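Before any comments, here is the structure.
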Amino acid sequence: MVDSIYHIDLQQLKQQGIKAIIADLDNTLVPWRSSEVQEKLVDWINTVRDADLKIAIVSNNTSARVEAMSSQLGVIALGGAIKPRRGAFRSIAAQFNLYPKEVAVVGDQLFTDILGGNRTGMHTILVTPMSTHEFIGTKIVRQIEKVFLRNLNNKST
Ligand SMILES: [Mg+2]
């Protein structure tokens with residue numbers, strides 16, 4: 001369990017014999033239903049590749065959006081995956097010519113990503129859903145705004 005993809009220790013994964021990462025899309029790589037590719041995500045994917053790890057996306061979401069993200073990021077991707085079924089995970093492992101135990105599945109949902117990865121015999125990493133992060137972020141910003149406004153009011157009286 002880690003806070004986000006950015007908290008994954010890639011070197012530790014490699015020491016555990018991991019050679020590829022299969023990442024979930026929504027709330028793992030991008031906020032739910034977002035098609036926007038952030039620079040931070042592109043940087044992370046480059047870091048993964050620099051660490052000599054392969055990367056793929058497996059999503060239960062509709063193929064069109066998954067394909068768009070796939071081409072934007074230059075990462076192979078499978079949409080409509082029906083996780084926790086094993087088909088998509090196995091297909092990616094086969095494409096990479098790797099054993100399931102050499103693949104790490106990263107996702108925000110226990111009953112699709114993690115269960116599916118475990119059933120396939122892959123290493124699994126649960127991340128906190130990105131939308132929650134955003135929500136907490138918004139809450140913090142609001143608290144800061146409140147303090148700021150209070151100070152302003154005090155000064156003006
Ligand atoms: Mg997800």
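Residue numbers run from 1 in the order of the sequence given. Numbering of ligands and ligand atoms starts at 1, following listing order. The structure displayed is predicted, hence computed values, not measured ones.
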Kindly state each residue pair satisfying side chain to side chain donor-acceptor pair (under 3.5 Å) with at least one member in residues 86-106, sequence neighbours excluded. Lys19-Glu102
Report yes or no: do Leu10 and Ile22 belong to one cluster of Ile/Leu/Val/Met/Phe/Trp/Tyr joined by side chain heavy-atom distances under 4.5 Å? no
Can you get from Ile18 to Ile45 by hopping between Ile, Leu, Val, Met, Phe, Trp and Tyr side chains that sit under 4.5 Å apart? yes
Under 3.5 Å, is there a donor-acceptor pair between the side chain of Ser71 and the main chain of Ala68? yes
Can you pull out every side chain to side chain donor-acceptor pair (under 3.5 Å) where at least one residue sits in residues 41-64? Sequence neighbours excluded, please. Asp26-Asn61
Under 4.5 Å side-chain linkage, directly or through intermediates, the cluster mates of Ile82: none
Within a distance under 2.8 Å of the Mg ion (ligand 1), the protein atoms of type N, O or S are Asp24 OD2, Asp26 O, Asp108 OD1
